[in-house]
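One structure is given here, and the rest of the page talks about it.
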Amino acid sequence: MKILRALRFPTLRIFLTASLLALVTSGAGATIRYTISVEHPERHIFHVTMEIPDVTGEVTVQMPAWNALYQIRDFSAHVREVEAFAGENRAALEKMDKLTWRITGNGTITLRYSTYWDERGPFATQLNADHAFINPAMILMYVSTRRGESVVLNMPDIPSEWGATGATLKLPEQTSLARNFEFAAIGYDTLVDAPIEAAKFEEFDLPGMIPPVSVVVHGDKWKKKEIQEELRRICTYELKLMEGAPYEHYTFIIHLGQAAAGAGGGMEHANSTAIFLRSEEELPNIAAHEFFHLWNVKRIRPATLDPVDYAKEQYTRALWFAEGVTSTYAAYTMVRTQLWSKDKFYFDLSQQISGLEGRPANRWQSAEESSLDAWLEKYPLYNRPEESVSYYSKGQVLGVLLDILIRDRTDNEKSLDDVLRAMNHEFAKQDKPYRDSLDIRLTTEEVAGGSFEDFFRKCVSHAEPLPYSQIFPLAGLDLRTAQRKRPVLGFFFERGATGEAVVQDLDAESSAAQAGLRSGDVILSWNGSEPPRNVERWVYSQKAGSVVHLRVRRDDREISIEFRIDEVTETFYQVVEDSHAGAKAKRIREGILRGTTQPVTASAAKR
């Protein structure tokens, strides 16, 4: 899918040609139109109007149940005041289930509703006095049988001091009376795969990037030159790696500092990404991950996720590759562009292995099973070390092991880079999804010229111990163990049917318990914001001794509790270079760090 994207000018954007404009807007009857009002943003209510042309008898509309995260989140729970009109007359409207409404009428049907959103983060939607950040699938209904029709979205009442941007922005029309920001796409799926930011923000282009890459920053205390240079190096490397850009224009939407308080992470989209960060230092690795998603998952796409079904879960065995191997390439990009030293690269890999091997579930949950169970991640119980492993961590480690094996079997002539490029040519550029782990294995075998069935059966489909001791020496690496301390909270929380975070499994010896926290307490605020979506990932990013401020409800009372994060001792796995490695292993190691392939025999001949 391609988004029709405008050329960037200082004050406006226009489409490349009149024919492209005609493609988006051709035939009023073929275009479904949305209007989003953000009047009184401090009320957190979007007022949505949807105009559906050419209706005969009746039309059925739905609100997505999920988007961005692999979680059923039922966005219709935010919807209220739904009404429909056929021309000037009110139309019969019947709610069929939690997602679906049926409207009876003819001609152009106008649907109006309100939806409340004040949730911060790249996977969320928020409207407040500071900004509007919109993941459109969270607020826009669709006609399931007409998702391929062209769509136009208007935002006519953006506050005068704000701008608006997004990958489908067409032309901000400005007159003396009003401003209207218009977004256009070739279909609903394309429109909702492009988040929108409206706020006071700074926007700039990365120097020397063709096609252009733009950066939108909403936040404070950031350094433009550093962000510009880091993103330029990341984009330049990955575009070279994957042999060209799959977009006409790409946009980074970045929230930093206070603008990202209480949120974190990034979300990939077909021609853009949204990133929320506490500090600028976190940006490069996340940006490298999200930018590589341009290929891996957005275009190199598993058949089990294509096309999107917004109404129910879509189960796939391939997230270890789509997400985990994308993390492999984020780390590769960081070290190959020298944004990381090789020691930092080894440390990051060591952390992934330590996190993986420190989870008892690693003994029984495979990479494919972890991928299938992604839909359980919204339940805190599932995220415990005894219950699951992360397809991010396991996939990242598998990516490195697979790369080493490919390089070893081909005398360092081929690598995992070649597998990604081959899948890009065979699947993405042919607009054809791949068959989960099967086509990943078959492509690997084609590149490496031999069977990888044993590796995929044992390490991907099943949960046999990963063969570090057999594979790492092939790249002149050694895996050692040491003891280290890590932060722990001393409790979990689980969200009930109403979404409230309820404290469970409280360790009586923990600092939290000593400070007065009790099992069954309902967490109302966490450091002044919402409780983290994944508390285990959150605490892993903290330091022992850091203070946590909770506001909880117990019975009919609200209580403030303050405690310090505890720490425990655990085994840490450390990836180090083997000083006694042979020439071939050293060449493979350097190839991984630098992103090069060169046969050992050829390099030896040159010497």
Side-chain angles (χ1 to χ4, degrees), residues 206 222-223 225-241 264 266 275 277-292 324-357 392-393 395-404 407 412 415-417 420 468 471-486 540-543 572-598 603:
L206 297 184
W222 57 280
K223 299 171 184 174
K225 286 186 177 180
E226 289 185 10
I227 289 179
Q228 218 172 24
E229 176 59 15
E230 290 166 349
L231 294 182
R232 185 194 64 80
R233 287 161 72 175
I234 289 165
C235 296
T236 299
Y237 173 74
E238 292 187 2
L239 288 168
K240 181 180 178 182
L241 173 71
I275 298 174
L277 301 169
R278 291 182 300 273
S279 69
E280 191 178 318
E281 289 72 25
E282 299 172 303
L283 176 61
N285 189 31
I286 293 179
H289 180 103
E290 303 307 333
F291 195 73
F292 196 75
V325 172
T326 296
S327 292
T328 304
Y329 274 90
Y332 280 179
T333 297
M334 294 295 288
V335 71
R336 292 171 182 178
T337 59
Q338 299 182 338
L339 290 169
W340 279 357
S341 66
K342 67 178 181 179
D343 289 338
K344 172 63 177 172
F345 171 79
Y346 294 144
F347 178 75
D348 177 74
L349 181 57
S350 301
Q351 283 188 309
Q352 303 307 319
I353 295 172
S354 298
L356 182 62
E357 297 299 328
Y392 283 89
S393 294
Q396 180 173 343
V397 174
L398 284 170
V400 175
L401 296 178
L402 193 57
D403 194 10
I404 293 171
R407 289 173 180 272
N412 203 41
S415 72
L416 189 61
D417 299 358
L420 268 296
Y468 305 113
I471 296 178
F472 274 152
L474 301 177
L477 299 173
D478 189 19
L479 187 65
R480 300 174 183 172
T481 59
Q483 299 299 111
R484 72 165 187 180
K485 296 181 178 181
R486 69 170 177 87
Y540 192 80
S541 69
Q542 305 301 303
K543 293 182 179 179
F572 180 71
Y573 291 78
Q574 188 175 10
V575 177
V576 297
E577 293 186 352
D578 179 4
S579 59
H580 301 293
K584 179 179 178 180
K586 287 181 180 179
R587 180 66 58 180
I588 290 172
R589 185 174 68 205
E590 287 304 301
I592 289 171
L593 295 173
R594 298 183 183 183
T596 57
T597 51
Q598 185 180 7
S603 61

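Remark: R336 pairs with Y237, D417 by the side chain to side chain donor-acceptor pair (under 3.5 Å) rule, at least two apart or across chains. Every side chain to side chain donor-acceptor pair (under 3.5 Å) that E229 has, sequence neighbours left out, goes to R232. Looking at residues two or more places apart in sequence or on another chain, you find a side chain to side chain donor-acceptor pair (under 3.5 Å) between Q352 and S393. With sequence neighbours excluded, the residues that form a salt bridge (charged side-chain N to carboxylate O under 4.0 Å, His left out) with K485 are E567. When the side-chain contact (heavy atoms from CB on, under 4.5 Å) test is applied to A475, the partners found at least two apart in sequence or on another chain are I404, L477, I588, I592. Applying the salt bridge (charged side-chain N to carboxylate O under 4.0 Å, His left out) test to E226 and every residue at least two apart in sequence or in another chain returns K223. When the salt bridge (charged side-chain N to carboxylate O under 4.0 Å, His left out) test is applied to E238, no partner is found at least two apart in sequence or on another chain. For E590, the side chain to side chain donor-acceptor pair (under 3.5 Å) partners two or more places apart in sequence, or in a different chain, are R594. Take D478 and apply the salt bridge (charged side-chain N to carboxylate O under 4.0 Å, His left out) test, not counting sequence neighbours, and it matches R480. Judged as a side-chain contact (heavy atoms from CB on, under 4.5 Å), and not counting sequence neighbours, the contacts of T328 are V325, Y332, Q396, V400. For F472, the ring-ring contact (aromatic ring centres under 6.0 Å, His included) criterion is met by Y468, not counting sequence neighbours.
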>> Evaluate I234 against F292 for side-chain contact (heavy atoms from CB on, under 4.5 Å), listing each step before the verdict.
In response: CA-CA 9 Å; I234 289 165; F292 196 75; over 6 Å; no
> Given L339 and R233, is the side-chain contact (heavy atoms from CB on, under 4.5 Å) satisfied, shown in steps?
Replying inline: CA-CA 9 Å; L339 290 169; R233 287 161 72 175; 3.9 Å; yes
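Here OG1 of T597 is found 12.5 Å from CG of L416. Values are rounded to the nearest 0.5 Å. Put simply, CG on N285 and CH2 on W340 are 4.0 Å apart, with the number rounded to the nearest 0.5 Å. Distance check, rounded to the nearest 0.5 Å: CG of L231 to CD1 of I275 gives 7.5 Å. From E230, atom CD reaches atom OG1 of T337 across 9.5 Å, with rounding to the nearest 0.5 Å. The OG atom of S350 sits 9.0 Å away from the CZ atom of R484 when rounded to the nearest 0.5 Å. Distance check, rounded to the nearest 0.5 Å: CD1 of I471 to CG of L474 gives 7.0 Å.
Checking Q598 against T596 by side-chain atom types alone, no donor-acceptor pair falls below 3.5 Å. No side-chain N or O of R587 forms a donor-acceptor pair with one of N412 less than 3.5 Å apart. Counted by atom type alone, S327 and H289 present one or more donor-acceptor pairs between their side chains at under 3.5 Å.
The shortest distance between side-chain heavy atoms of D578 and P473 does not fall below 4.5 Å. In this structure the side chain of V576 never reaches within 4.5 angstrom of the side chain of Y346, judged on heavy atoms. Between E282 and S541 there is no side-chain heavy-atom pair separated by less than 4.5 Å. For the pair L239/F291, a side-chain contact is recorded, criterion being any heavy-atom separation below 4.5 Å from C-beta on.
At most 12 non-hydrogen atoms from other residues, nucleotides or ligands lie less than 6.0 angstrom from CD of Q338.
The minimum heavy-atom distance between R589 and G476, with the atom names listed, is NH1-O, 2.8 Å. Annotation for M334 and A288: closest pair SD-CB, 4.5 Å, computed over non-hydrogen atoms.
For E577 and K342, the salt-bridge test passes: some basic side-chain N is under 4.0 Å from an acidic carboxylate O.
Sorted by first and then second residue, the salt bridge (charged side-chain N to carboxylate O under 4.0 Å, His left out) pairs with a member in residues 344-354 form an empty list; sequence neighbours excluded.
At distances below 3.5 Å, at least one donor-acceptor pair connects side-chain atoms of S354 with backbone N or O atoms of Y573.
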